[in-house]
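Contents: one structure, followed by commentary.
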Amino acid sequence: MMNSAPIFQPVFGEQWQNLPPVMHKHYANRPHSNDVVTVEGIMKIEVSLFAKILSPLFRFAGALVPYSGNNIPVTVHFCSECDSSAFCFDRIFNFPNRKPCHFRSKMFPVGGNEIVEFMPIGIGWHAGYRWDGQKILIEHCGYNIKLFGRLISLPLELLLGKGFAWEEAVSNNSFRMYMEIRHLLFGKIYSYSGEFAVKEVIIHA
């Protein structure tokens with residue numbers, strides 16, 4: 001039987017009912033379904049020199065986007081999978097004079113308010129989600145890999161830094177967001193930010 005509750009409802013727990021309407025649209029996808037939510041926006045991407053040095057690693061891992069830019073049109077499809085509880089991202093960055101650049105990942109709830117966002121290579125960013133009354137805060141909990149059905153911690157902070165993000169409602173149909181990676185030695189090495197409008201919510205019966 002299809003679960004009618006969104007994937008992220010148990011992640012936010014009692015806070016779910018307090019989220020703004022746009023966040024209910026943003027996180028409408030249910031597990032084991034064909035649900036699709038599409039948002040469109042304009043983003044600013046900042047890549048430091050250190051992050052550019054790491055860009056071959058990011059490309060190999062299928063993580064992030066290795067180009068800086070302002071006013072970059074971005075479309076994001078949030079998709080469910082019929083055979084899993086994954087919350088799937090397909091981010092499409094349209095840089096001038098380049099082919100569309102995709103950044104794909106899959107999020108899986110792992111208990112409580114925590115999720116792991118896996119990159120195509122299998123490395124996951126472990127993060128906690130919480131609503132502070134104004135914003136959704138997404139806070140670093142570590143890096144993981146899944147082996148034999150178990151999450152194994154990876155000590156990658158000294159190489160990759162720690163992630164942090166937030167999302168904030170602008171209206172009932174739009175939200176702004178910010179994400180950064182901060183390194184212990186080099187400070188902020190990567191960030192992207194922008195404002196998005198929900199364009200389509202397809203919830204299959």
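Checked against a 6.0 Å centroid threshold, the rings of Phe93 and Tyr67 do not count as neighbours. Aromatic ring centres of Phe87 and Phe78 lie closer together than 6.0 Å.
Under the 3.5 Å distance criterion, the side-chain polar atoms of Asn173 are left unmatched by any main-chain donor or acceptor of Ala197. The backbone N or O of Asn34 lies less than 3.5 Å from a partner atom in the side chain of His204, making a donor-acceptor pair. A donor-acceptor pair is defined here as one N or O able to donate and one able to accept, closer than 3.5 Å; no such pair exists between the side chain of His126 and the backbone of Tyr143. Counting only distance, with no hydrogens or angles, the side chain of Asp35 and the backbone of Arg30 share a donor-acceptor pair below 3.5 Å. In this structure, His183 contributes its side chain and Leu158 its backbone to a donor-acceptor pair below 3.5 Å.
In plain terms, the two heavy atoms of Pro31 and Ser85 that are nearest each other are CB-CA, 3.7 Å. The heavy-atom pair separating Cys101 from Val65 by the smallest distance is SG-CG1, 3.9 Å. Closest approach of Val39 and Phe175 over heavy atoms only: CG1-CE2, 4.2 Å.
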* Would you sort out whether Val36 and Glu200 count as a side-chain contact (heavy atoms from CB on, under 4.5 Å), showing the intermediate values? => CA-CA 8 Å; Val36 180; Glu200 189 173 47; 5.8 Å; no
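Considering Arg176, Gln134, Glu139, Met177 as possible partners of Trp166, the one that fulfils the side-chain contact (heavy atoms from CB on, under 4.5 Å) test is Arg176.
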